[in-house]
Amino acid sequence: LVISSILVITFLFFAEMISEFFNTPECKTAIQIMSLVFIINAIAIVPGSILRRDMDFKALAIIEVLQSVLMSVITLFLAWRGYGYKALIYGQLIPTIVRSIALCYKSWYLPFIYYNHSLMKEIYSFGGWNLLRIQLLFASQHVDRFIAGKFLGPVLLGFYDKALSLSTTPNNAITMHINSVMFSSFSSHKDDLVQLQESFKKGMALIALITFPIHVGLIVVAPYFVNCLLGINWSPMIFPFQVILLGTVVKSLGGMTTSLNIGVGEYRANTMQFFYAFLVFTFCCIIFLSKGINGIAISFLIFSVTEILL
C-alpha cells in the first residue's frame, strides 16, 4: 500500500510532463484518474490472498469474470456512446473498484495498516523477487502502449488498445483462474516429481481444450466480429486483433509454466526469464514500429513465444 501510494503521488506529480511528452493534453487527466488503480489493486491483494489460502476459487473466479465482463461492457458501451478516450479510463477504473469491494466483502476483510518486522523479514526474499516480477509484468503490459502512443499517436493507440483488451479477455476470464488452482496443486506436491508432471500435463491439456477453440474461432470471424460489434471505423484493429489472439493462445500455456515454477519455489529463475522476455518485447516494439500497430501486435506475439520458450 505504501509503494502504491508513492506511485500515485509520482504519477499525479508528473502527469502534466507526461502529457507534454506525448503531445496529448487529455493524457494528463487520464493519468491522474488511472493512478488511483495502484491503491485500489493494493487493497485487493490481502483479501485475494485470503480467498486463495482458503481455496475459495469459486468466489475468485466469479469476481474475476465479473471484472472482465464489466471491463468489456463498460468500455464498449461508452465507446459506442461517443466518450472517446474516457471509455478506456472508466472501462478500467470502475471494474477494478468493483473487484476490490467484492474481494473485501467475500473474505470479510477490512483494510488497515499494520507492520511487524519479525513477521515480514521471513518473506522478504520471496517478496523482493515477487515485487520485481510484478513491476516487470506491469511494464510489459504498458511498454507497447507507451511506444504506440508516443510514436503512432492516440488514434492508432486506441485501435491497438481495444484489440489488446478484447483479445485478452478470454484469457483473463478463464485461464488465469485455472492457473491459480494449479498453483495450489503444484505447491502442495512440489516434492513429488511424478505428481507434478501429471498435474502439469492435465493443466496444459485443460487450457488447450478451452482456449484453442475460443481463440481460433475469434481469429476466423475477427473481421465480422469487429465490424458488427464496433463498426466499420474500427477495421484497422482487425489484423492486430488476430495476431494478438494468436499470441494470447501461446501466453495462456506460458501461464501454466509460470505457476509451476513459482509453485515449486523457482521464483528467482522465473523472474529472470520474464525479464529477458520483456527485453525482447521492448526491442521488437522498436524494431517493428515502422509497421504501425501491426508491428506492435507482431511484437506481442514474439514476446509470448519467447516467454514460453525461456
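Excluded from the calculations below are hydrogen atoms, water molecules and symmetry mates; all remaining heavy atoms, backbone and side chain alike, are included.
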**Request:** Spell out, yes or no, whether Ile39 and Leu12 are grouped together once hydrophobic residues are joined by side-chain heavy atoms under 4.5 Å, including indirect joins.
**Result:** yes
**Request:** Might you point out which heavy atoms bring Leu230 and Leu76 nearest each other, and give the distance in Å?
**Result:** CD2-CD2, 3.2 Å
**Request:** Apply side-chain contact (heavy atoms from CB on, under 4.5 Å) to Leu164 and list each qualifying residue two or more places apart in sequence or on a separate chain.
**Result:** Asp144, Arg145, Tyr160, Thr168, Ile244, Phe300
**Prompt:** Could you state the interatomic distance from OH (Tyr90) to CD1 (Ile97), rounded to the nearest 0.5 Å?
**Reply:** 10.5 Å
**Asked** Is Asp161 reaching over with its side chain to a backbone N or O of Leu157, donor-acceptor style, under 3.5 angstrom?
**Response** no
**Item:** Test log, rule side-chain contact (heavy atoms from CB on, under 4.5 Å), inputs Val249 and Val216
**Value:** CA-CA 9 Å; Val249 174; Val216 172; 5.7 Å; no
**Request:** Output all residues satisfying side-chain contact (heavy atoms from CB on, under 4.5 Å) with Gln92, sequence neighbours left out; order by chain, then residue number.
**Result:** Met34, Met71
**Request:** Apply the test side-chain contact (heavy atoms from CB on, under 4.5 Å) to residues Cys284 and Ile298: give CA-CA distance (whole Å), side-chain angles for both, the deciding distance (0.1 Å), then the verdict.
**Result:** CA-CA 8 Å; Cys284 289; Ile298 292 173; over 6 Å; no
**Request:** Answer yes or no: is there a side-chain heavy-atom contact under 4.5 Å between Leu137 and Ser140?
**Result:** yes
**Message:** Would you compute the distance between atom OG1 of Thr248 and atom CG of Leu301 and round it to the nearest 0.5 angstrom?
**Reply:** 9.5 Å
**Message:** Tell me whether the rings of Phe11 and Phe38 are parallel (<30°), tilted (30 to 60°) or perpendicular (>60°).
**Reply:** parallel
**Asked** How long is the gap from CZ on Phe151 to CD1 on Ile286, to the nearest 0.5 Å?
**Response** 7.5 Å
**Asked** Just wondering, do Glu307 and Val280 contact through their side chains at under 4.5 Å, heavy atoms?
**Response** no
**Message:** Classify the ring geometry of Phe281 against Phe303: parallel below 30°, tilted from 30° to 60°, perpendicular beyond 60°.
**Reply:** parallel
**Request:** Measure the CD1-SG distance between Ile101 and Cys104 for me, rounded to the nearest 0.5 Å.
**Result:** 8.0 Å
**Asked** Can you tell me how far the NE2 atom of His215 sits from the CD atom of Gln242, to the nearest 0.5 Å?
**Response** 13.0 Å
**Item:** Heavy-atom closest pair, residues Val226 and Trp234
**Value:** CG1-O, 3.5 Å
**Hydrophobic cluster identity match, Trp108 and Ile62, side-chain contacts under 4.5 Å** = no
**Heavy-atom pair of closest approach, residues Ser299 and Phe288** = OG-CD1, 3.6 Å
**Prompt:** What do you reckon, is CZ of Phe278 surrounded by more than 12 foreign heavy atoms closer than 6.0 Å?
**Reply:** yes
**Asked** Which heavy atom of Val8 sits nearest a heavy atom of Ser35, and at what distance?
**Response** CG2-O, 3.0 Å
**Message:** Does Lys202, at its NZ atom, have more than 12 non-hydrogen atoms belonging to other residues, nucleotides or ligands within less than 6.0 Å?
**Reply:** no
**Message:** Please determine whether side-chain contact (heavy atoms from CB on, under 4.5 Å) holds for the pair Leu51 and Lys106, giving the CA-CA distance in whole Å, both sets of side-chain angles, and the decisive distance to 0.1 Å.
**Reply:** CA-CA 8 Å; Leu51 293 178; Lys106 186 62 181 179; 4.0 Å; yes
**Message:** Ignoring hydrogens, what is the shortest heavy-atom contact between Gln32 and Ala15? Give both atom names and the distance.
**Reply:** CG-CB, 3.7 Å
**Asked** Applying the 4.5 Å side-chain criterion to the ILVMFWY set and letting contacts propagate, would Met237 and Val155 be lumped into a single cluster?
**Response** yes
**Asked** Applying the 4.5 Å side-chain criterion to the ILVMFWY set and letting contacts propagate, would Leu88 and Phe138 be lumped into a single cluster?
**Response** no
**Contact check, side chains of Leu289 and Leu152, non-hydrogen atoms, under 4.5 Å** = yes
**Request:** Output the distance between atom NZ (Lys86) and atom OG1 (Thr29), rounded to the nearest 0.5 Å.
**Result:** 7.5 Å
**Request:** Treating Ile, Leu, Val, Met, Phe, Trp and Tyr as nodes and any side-chain heavy-atom pair under 4.5 angstrom as an edge, say whether Ile9 and Ile33 lie in one connected cluster.
**Result:** no
**Message:** Under a 3.5 Å distance rule, please check whether Ser100 uses its side chain to pair with a backbone N or O of Ile40 as donor and acceptor.
**Reply:** yes
**Prompt:** If every non-hydrogen atom of Leu60 is compared with every non-hydrogen atom of Leu103, which pair is closest and at what distance?
**Reply:** CD2-CD2, 3.8 Å
**Request:** Would you indicate whether the side-chain heavy atoms of Ile89 and Leu78 approach each other to under 4.5 Å?
**Result:** no
**Prompt:** Can you check whether Phe159 reaches Leu156 side chain to side chain, under 4.5 Å on heavy atoms?
**Reply:** yes
